[in-house]
Amino acid sequence: MDIKISGLSKVYPNGHAAIKNVNLEIESGMFGLLGPNGAGKSSFMRILVTVQKATSGTITMDGLNINEHRHKIRSQIGYLPQDFTFFSKLKAWEFLDYAARLSTSLKNKERQTRVNELLEQVGLLDVRERLANKLSGGMKRRLGIAQAMIGNPKLLVIDEPTTGLDPEERIRFRNILSDLSQRDVTIILSTHIVGDISSTCHNMAMLNKGEVAFKGSPEGMIEQVRGHVWQVMLDDEEFNSIKSRYSVVSTIPAAGKWEVQVIAKDKPHQDALHANPNLEHAYVYFMENELGVSLV
Ligand code: ADP
């Protein structure tokens with residue numbers, strides 16, 4: 001699906017501007033929306049899935065304006081909100097069956113097949129009889145994805161999917177999304193976790209205080225910090241001095257000294273050498289140098 005967003009703004013009734021003149025193009029594959037808490041990610045996602053209206057600006061999906069074709073657009077979108085909850089009396093499969101009754105016109109047998117297919121895809125077939133709200137956090141999130149996929153959407157919108165998950169579940173969840181993105185579904189994923197983006201998304205935008213601070217590929221964002229990541233061995237005194245002046249992104253004790261990585265525009269110490277940048281470095285660099293937000 002081809003999504004074009006132009007001049008998008010959202011001002012809440014209390015006067016707070018959560019989205020400010022956002023312009024973005026999102027093509028098929030997996031798109032990551034990165035930003036700290038309060039950046040406007042959820043507001044943006046809710047507008048995209050038509051559960052909330054923008055104050056101004058336009059969004060088109062495959063050429064259709066989402067305000068003028070609300071019904072049709074909705075039938076093509078699967079949405080997993082951040083605070084998704086399940087009915088307490090339904091088993092995992094019953095919940096999906098219920099979702100299928102609401103959003104598809106599949107008959108009994110086809111519906112059963114579709115439900116089992118999706119349970120298998122998200123690795124929940126063996127817990128299909130378990131009550132949905134008794135599943136672990138990661139399993140609930142996977143059931144949420146199955147629910148969002150039930151109507152075969154062209155666009156899947158997922159808000160903060162890995163918050164609170166342990167590393168194993170986080171990786172499992174990312175793999176499920178990568179797998180789905182190979183099947184002609186556009187996936188938009190919002191997150192404040194840099195690792196979610198670097199391992200899965202080919203394109204991304206970074207949102208800060210409602211504005212797009214960066215758009216492009218994760219590699220493109222990393223390039224912006226190249227030359228500003230330094231590595232140096234320091235004793236206690238030097239370490240304290242560096243820490244008070246620069247953003248220290250990693251510290252490893254080594255042979256009575258500290259192996260330190262620092263983000264700095266200029267060489268922070270005479271022995272400092274350039275280190276290979278990654279997306280986390282780029283995120284710190286953007287937040288601190290470009291946007292003036294102190295992270296470390
Ligand atoms: P994120 O998902 O990146 O954490 P949100 O879209 O939830 O960001 O919020 C962006 C900003 O808008 C925050 O400052 C938040 O307090 C504010 N906000 C969100 N929803 C509302 C609302 N319904 N009314 C007023 N302000 C809101």
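Side chains included, hydrogens not; waters and symmetry mates left out as well; all remaining heavy atoms used. Indexing begins at 1, ligand by ligand and atom by atom, following the structure's order.
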With nothing but distance in play, are any N or O atoms of Phe44 less than 3.5 Å from an N or O of ligand 1? no

Aromatic rings Tyr285 and His228: how do their planes relate, parallel, tilted or perpendicular, breaks at 30° and 60°? parallel

Starting from atom 7 (O) of ligand 1, which protein heavy atom do you reach first, and at what distance in Å? Ser42 CB, 3.7 Å

Criterion side chain to side chain contact (heavy atoms under 4.5 Å, CB included) against Leu124, the qualifying member of Ile145, Leu143, Leu118: Leu143

Please write down residue, atom name and distance for the protein heavy atom closest to atom 10 (C) of ligand 1. Gly38 O, 3.4 Å

Under a plain distance cut-off of 3.5 Å, with no hydrogens placed, do Asn21 and Ser9 share a side-chain donor-acceptor pair? no

So, is Ala18 polar-close to ligand 1, with some N/O to N/O distance under 3.5 Å? no

Do NZ/NE/NH1/NH2 and the carboxylate oxygens of Lys89 and Glu94 come within less than 4.0 Å? no

Consider side chain to side chain contact (heavy atoms under 4.5 Å, CB included). Of Leu33, Ile5, Asp2, which one does Ile26 pass it with? Ile5

If you define the side chain from C-beta out and look only at heavy atoms, does anything of Phe173 sit under 4.5 Å from Asp196? no

Using protein heavy atoms only, decide if any is under 4.0 Å from atom 21 (C) of ligand 1. yes

Should one rank Ser43, Gly15, Gly210 by closest heavy-atom distance to atom 5 (P) of ligand 1, which comes out on top? Ser43

List ligand 1 atoms under 4.0 Å from Pro36, heavy atoms only on the residue side. 3 (O)

Only heavy atoms of Asn37, strictly under 4.0 Å: list the atoms of ligand 1 that pass. 4 (O)

Gly40 near ligand 1, heavy-atom distance under 4.0 Å? yes

Ranked by distance from atom 11 (C) of ligand 1, the top protein heavy atom is His16 NE2, 3.5 Å

Among all protein heavy atoms, pick out the one at the shortest distance from atom 24 (N) of ligand 1; state its residue, atom name and that distance to 0.1 Å. Tyr12 CG, 3.4 Å

Yes or no, since that's all I need: does a protein heavy atom fall within a distance strictly under 4.0 Å of atom 18 (N) of ligand 1? yes

Please could you name the atoms of ligand 1 that Asn14 approaches to less than 4.0 Å, counting only its heavy atoms? 25 (C), 26 (N)

Salt bridge present between Asp97 and Arg111 (N-O < 4.0 angstrom): yes

Taking only heavy atoms of Ala39, which atoms of ligand 1 are found under 4.0 Å from at least one of them? 1 (P), 3 (O), 8 (O)

Please say yes or no: joined through hydrophobic side-chain contacts below 4.5 Å, possibly via intermediate residues, are Leu155 and Val22 part of one cluster? yes

Answer with yes or no whether the side chains of Thr200 and Ser178 bring together a donor and an acceptor at under 3.5 Å. no

